[in-house]
**Student:** 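Can you keep this structure in mind? I'll have questions shortly.
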Amino acid sequence: MSDNFDRFMEELQKKIFDETKAEFGDIAFQRWRKPRYVGRMDNADGYGRVTGSCGDTMEIFLKFERDKVREASFKTDGCGSSMVCGSFAAELAIGKTPDELSEITGDKILDILGVFPEEDRHCAFLAANTLQEALNNYMVNHMKAA
Ligand code: FES
């Protein structure tokens, strides 16, 4: 009985994973399974918080060193796709100067993902907009300090 139940659960999980991978692509699937750069950052030099048209909110935190991003992290209360896109936005930000950060767009995040469902593409733009907010916040703080 328990063996049958365990087997059923394993098969169900495999089916869900296979369907998710087919729909979202391997890169997003792997990141969804193991999200990176998740979490709030204390004393961030740049902070962005944006609520998208879907009603979900993303936050991005940046720490700079010698005018380049040394650390980046994000938080979202949104869907699995926002988790994946926030994670790639943070990853793309690391090591970048403000000028380079300003070039990170939703399309750049989608390029990395390759396959991504049409109805979830806006999650990449929410992540990119939040990153741009964090950059703006850094620039304002930076100018005040200068
Ligand atoms: Fe709202 Fe993905 S961020 S649906």
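Just so you know, ligand 1 is whichever comes first in the structure, and atom 1 is the first atom listed for that ligand.
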**Student:** Taking 2.8 Å as the distance threshold, tell me the number of protein N/O/S atoms next to atom 2 (Fe) of ligand 1.
**Tutor:**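 Atoms of protein N, O or S type lying less than 2.8 Å from atom 2 (Fe) of ligand 1 total 2.
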**Student:** I'd like to know if the side chain of S87 reaches the main chain of R36, judged simply by a donor and an acceptor atom lying under 3.5 Å from each other, with no hydrogens or angles considered.
**Tutor:**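 Answer holds: yes.
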**Student:** Test F125 against L110 for side-chain contact (heavy atoms from CB on, under 4.5 Å), laying out the working first.
**Tutor:** CA-CA 9 Å; F125 291 89; L110 291 168; 3.7 Å; yes
**Student:** Does D3 pair with R7 as a salt bridge, N-O distance under 4.0 Å?
**Tutor:**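 R7 and D3: not salt-bridged.
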**Student:** May I ask you to decide if S81's main-chain N or O and D120's side chain share a donor-acceptor pair within less than 3.5 Å?
**Tutor:**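 No, because the side chain of D120 does not come within donor-acceptor range (under 3.5 Å) of the backbone of S81.
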**Student:** When the side chains of residues 99-106 are checked against the rest of the protein, which donor-acceptor pairs come out under 3.5 Å, sequence neighbours left out?
**Tutor:**
residue: E100; atom: OE1; partner: T97; partner atom: N; Å: 2.9
residue: E100; atom: OE1; partner: T97; partner atom: OG1; Å: 3.3
residue: S102; atom: OG; partner: D99; partner atom: O; Å: 2.6
residue: T105; atom: OG1; partner: D107; partner atom: N; Å: 3.4
residue: T105; atom: OG1; partner: K108; partner atom: N; Å: 3.1

**Student:** Do the two ring centres, one from F24 and one from F116, sit under 6.0 Å apart?
**Tutor:**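 Yes, the ring of F24 comes within the 6.0 Å limit of the ring of F116, centre to centre.
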